[in-house]
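Chain A is the first sequence line, chain B the second, and so forth, proteins listed ahead of strands; every chain is numbered from 1.
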Amino acid sequence: MNEELFYGEVLTSHALESQWQKQLSVVTGRQEGINASCGDDIIMEWQVENGRLVDAGFSGEGCVIARASSDICVGLLVGKSLAEIAEILQNFMAWVQTGHENLVSEFPEVKVLASSIANPVRAKCATLAWHTAEKLLRGQQQLFGEQEK
Amino acid sequence: MAMQIKQDFPFFREHPDVIYLDNAATTQKPEFVLQAMNDFLVKHNANPSRGLYDLSIQATQDLESARQMVAQKLLRYEPEQVIFTSGATMSLNLAALLLEPMIGKGDEIAVSVLEHHSNLLPWQNLAKRKGAKLVWIYPDENGEIRVEQVLPVMSKKTKVLALTAMSNVLGQLIDIESISLAIKKEHPEIVVVTDASQSLAYLPIAAVGDLICFSGHKLFGPTGIGVLAGRRDLLEKLDPVFVGGGMIEQVTPESYTAAPLPHKFEAGTVNVVGAVGLEAAIRYKSQWSSLVLYNYIQSLTGYTIQQLRTIKGLHFLGDERKSPLHTGILSFVLDGVHPHDVAAVLAQEKICVRAGHHCAAVLHQHLGINASVRVSLAIYNSAREIDRLAEVLSGVRKKLGHE
């Protein structure tokens with residue numbers, strides 16, 4: 001990696017060497033997330049089994065912040081149950097709104113997004129994946145909730 | 001030229017190291033404009049056209065002087081043909097509302113893919129409300145729109161042609177006057193609505209089209225003031241949609257009669273201080289001949305193309321030739337780097353450019369891209385600033401781990 005990486009090494013490496021930038025072969029939920037004015041357009045895919053996110057990935061176009069945020073988001077959610085994911089997303093969004101760091105103390109890897117979130121223009125890039133995940137979660141809860149009934 | 005002009009702008013005294021290349025979004029304001037606005041507020045402030053005391057009369061004179069300046073210097077119209085609004089977006093929305101009674105089910109409204117959202121969405125809405133159809137004009141491969149691109153789209157059903165006089169993304173000037181003349185030979189009833197928001201920053205303009213809209217803040221004036229101007233017979237025929245104070249001749253418990261032009265379209269207190277600022281901006285610019293200004297921007301545009309062309313992976317949108325129709329605005333993409341990241345790297349070096357779709361999403365879809373980076377020039381920009389832009393741009397891909 002280049003030493004002079006502009007956004008900071010952690011953020012840039014999340015975007016450039018993302019392990020979660022991939023398409024899944026088994027998909028239970030797929031959601032597009034668009035920031036029309038920036039030109040960010042990502043697709044997030046989830047594979048949920050027995051109420052747990054067993055695999056996930058994202059693809060599409062986005063700036064470094066949008067892609068890094070997607071990578072962090074997916075990496076954090078994979079392996080968690082839908083109930084845990086709901087809690088993480090809720091805490092993340094509350095952190096975005098209030099800036100209270102204790103909300104994300106259990107997943108400190110998101111703090112690298114703090115300066116982007118504080119920028120009114122870049123906040124959209126930093127939260128795109130998380131809004132997309134929220135929509136996916138609602139869809140999956142509906143899908144699997146209905147199956148259980 | 002640029003160094004000397006920069007001294008007229010207090011913004012650059014405050015920010016000597018900022019390279020401001022987002023002039024198509026808004027321009028900085030010369031001291032002359034700020035002083036005129038300050039003087040108005042300190043010395044003459046009152047509600048125009050209402051009070052009988054000296055100050056109100058003075059405020060009225062200031063407003064009408066601004067109207068006259070816009071009419072004569074920018075449009076070659078009579079002052080009554082100039083309506084003040086809050087900006088081009090409001091002017092274009094107002095134009096669509098005023099023309100609504102002329103649109104029926106199955107009629108067509110022609111727009112180009114170059115349009116800024118402010119000259120597209122009002123027509124989309126109008127078409128939906130009236131069951132009319134939007135029909136599209138596409139530029140040629142150089143991003144240019146001429147009579148050949150427009151005429152075939154016009155038909156007996158076409159009621160409005162809404163066209164920009166200059167793309168805010170591609171920087172191509174469009175000769176609305178020739179287009180208007182050509183289509184009116186066959187379809188005299190079509191109302192041509194011109195968005196002159198960008199073109200007026202670079203070109204002096206004669207009265208073109210039937211209605212013309214622009215903002216003051218892209219012309220060194222303040223935000224919050226804009227103009228809708230037009231053909232007198234058309235404006236006289238149209239009914240006001242916004243009603244209230246200042247726009248009436250007589251009011252009874254049941255109804256009202258509207259004041260004559262231009263006041264019938266100016267309900268409520270006009271932004272006088274904004275109009276005063278706009279007048280000062282026009283005066284400020286008129287110290288140079290428009291040819292001198294045009295030539296300066298033309299050379300700087302050519303220089304920018306030349307400097308940026310050498311950057312690895314950089315591709316201009318539209319035309320790369322130094323065409324006389326291409327001036328002031330340049331948009332590009334950089335292979336492998338999202339436009340937002342390009343702008344963020346430039347921002348770190350205090351270089352202000354725009355990244356995104358620049359309120360022209362349809363054009364970007366037409367070009368098959370999500371977003372681009374835009375550099376837009378003004379007379380205070382210099383070749384040295386462009387050198388710095390090129391220097392930083394040439395390191396962007398490396399900085400983001402691409403090379």
Side-chain angles (χ1 to χ4, degrees), chain A residues 1-21 32-44 58-72 112-132, chain B residues 22 24-25 116-118 120-121 124 168-169 315 317 331-374 391-403:
Chain A
M1 296 296 292
N2 192 307
E3 282 174 21
E4 275 187 87
L5 282 174
F6 166 62
Y7 287 116
E9 192 168 354
V10 179
L11 200 63
T12 312
S13 64
H14 271 294
L16 297 184
E17 295 162 12
S18 163
Q19 98 185 77
W20 302 107
Q21 192 160 352
E32 187 176 22
I34 298 178
N35 280 330
S37 58
C38 325
D40 296 328
D41 187 350
I42 59 157
I43 290 172
M44 194 183 283
F58 73 96
S59 54
E61 278 186 46
C63 63
V64 165
I65 293 173
R67 282 183 288 145
S69 182
S70 302
D71 190 58
I72 293 166
V112 68
L113 298 172
S115 65
S116 309
I117 283 166
N119 175 331
V121 178
R122 304 312 294 271
K124 278 196 291 186
C125 316
T127 56
L128 178 63
W130 304 80
H131 285 298
T132 309
Chain B
D22 196 15
H116 186 282
H117 295 163
S118 59
L120 169 59
L121 276 51
Q124 279 182 345
N168 74 317
V169 178
H315 308 280
L317 308 191
S331 296
F332 61 86
V333 290
L334 200 54
D335 285 342
V337 185
H338 191 281
H340 252 193
D341 296 326
V342 177
V345 172
L346 293 172
Q348 203 191 27
E349 300 298 323
K350 294 197 185 328
I351 301 174
C352 310
V353 300
R354 181 81 176 266
H357 58 41
H358 326 304
C359 299
V362 175
L363 174 60
H364 281 78
Q365 287 155 21
H366 174 69
L367 297 171
I369 54 175
N370 279 341
S372 60
V373 183
R374 181 182 71 186
E391 185 189 343
V392 178
L393 269 179
S394 61
V396 166
R397 282 167 50 81
K398 192 173 174 198
K399 209 159 190 169
L400 291 165
H402 277 286
E403 283 164 21

Which atom names give the shortest non-hydrogen contact between [X] and [Y], and what distance separates them?
X        : Y        : answer
A:Gly39  : B:Ala371 : CA-CB, 4.0 Å
B:His338 : A:Gly62  : CD2-C, 3.3 Å
A:Ala36  : B:His357 : O-CD2, 2.7 Å

Passing candidate, side-chain contact (heavy atoms from CB on, under 4.5 Å) with A:Cys63, options B:Val337, B:Asp341, B:Leu400: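 By the side-chain contact (heavy atoms from CB on, under 4.5 Å) criterion, A:Cys63 pairs with just one of B:Val337, B:Asp341, B:Leu400: B:Asp341.
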Interchain contact, A:Asn119 with chain B, by part (heavy-atom threshold 4.5 Å): neither
